[in-house]
Amino acid sequence: MLIDSHAHLLDERFDKDRGEVIASLSHKGILAVIECATGPADIAAAAQLAAENPAIYAAVGVHPHDARSYTPEVEAQIRELSRQSKVVAIGEIGLDYHYDFSPRPVQQEVLRRQLALAQELSLPVILHNRESTADMLEILREFAPLQGVMHCFSGSLETMKILLDMGLYIGIGGSLTFKNSIKPVEAAKQVPRDRFLIETDSPYLAPVPMRGKRNEPSFTHYVAERLAGLRSQTQEEIQAQAVENTRRLFSKIK
Ligand code: NI
């Protein structure tokens with residue numbers, strides 16, 4: 001059994017069968033899913049999805065793509081929703097210099113605001129970083145030590161060590177299974193056994209052999225299988241460790 005520590009089941013690609021995907025989770029070996037909000041448009045819906053479905057938990061926050069839409073009202077909404085028992089983290093937050101959908105100074109300011117909010121609320125953070133590692137590390141250092149995860153980690157071993165030293169966990173997803181995947185493979189081999197989480201980022205980043213299809217939480221099993229092979233551990237050991245790590249970080253998960 002696994003927990004998918006990062007999914008977007010509210011994405012329109014689940015509009016036709018969201019209920020079925022959620023209803024089939026336990027049959028497919030999934031104990032729980034963390035639904036990650038991306039901005040004002042889905043913060044309340046993520047919390048609602050979690051409130052309505054026992055296996056779903058939510059992270060509430062504003063993604064860097066949407067940083068421009070972060071206002072005091074949105075912050076108040078995040079603060080309010082975070083009191084709910086099924087809201088387990090502030091996320092997905094971070095920096096994305098690949099798309100630059102919001103100006104970089106705005107992304108940085110909004111990341112700082114949400115890191116401060118998470119610390120005030122004693123909640124872990126779910127971090128997104130794309131082509132912005134230097135600025136990300138600089139901002140994280142201001143807040144270290146941190147509780148949280150660097151989702152879909154694909155950086156160097158050197159960066160991983162810095163993140164681990166700050167207290168963060170390493171999120172491992174479908175890119176681990178891709179042909180020519182080098183950095184995620186090195187990270188997966190080296191990450192301490194008590195510091196990795198498994199995730200999908202559904203509907204994105206489906207692992208091999210489902211690459212190109214819509215990703216879904218049960219595909220975490222392909223990631224676990226690959227991880228077991230790389231670390232010369234059994235799949236059962238990897239699953240147990242991943243679940244234990246996820247529960248340790250997100251302490252509101254039952
Ligand atoms: Ni995501």
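All ligand and atom numbering here is 1-based and tracks the order in the structure.
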Practice prompt. Could you label the plane-to-plane angle of the Y204 and H8 rings as parallel, tilted or perpendicular, counting under 30° as parallel and over 60° as perpendicular?
Written response: perpendicular

Discussion item. Any carboxylate oxygen within less than 4.0 angstrom of a Lys/Arg side-chain nitrogen, looking at K28 and E216?
Written reply: yes

Fill in: NZ/NE/NH1/NH2 to OD/OE distance under 4.0 Å, R79 and E120
yes

Worksheet item: Does the side chain of D17 reach to within under 4.5 Å of the side chain of R214, using non-hydrogen atoms?
Response: yes

Discussion item. What I want to check is whether the side chains of S132 and D135 have a donor and an acceptor closer together than 3.5 Å.
Written reply: no

Discussion item. For distances below 2.8 Å, what is the count of protein N, O or S atoms around the Ni ion (ligand 1)?
Written reply: 4

Discussion item. My understanding is that a hydrophobic cluster links ILVMFWY residues whose side chain heavy atoms are under 4.5 Å apart, including indirect links. Using that, what else belongs to the cluster containing Y99?
Written reply: F101

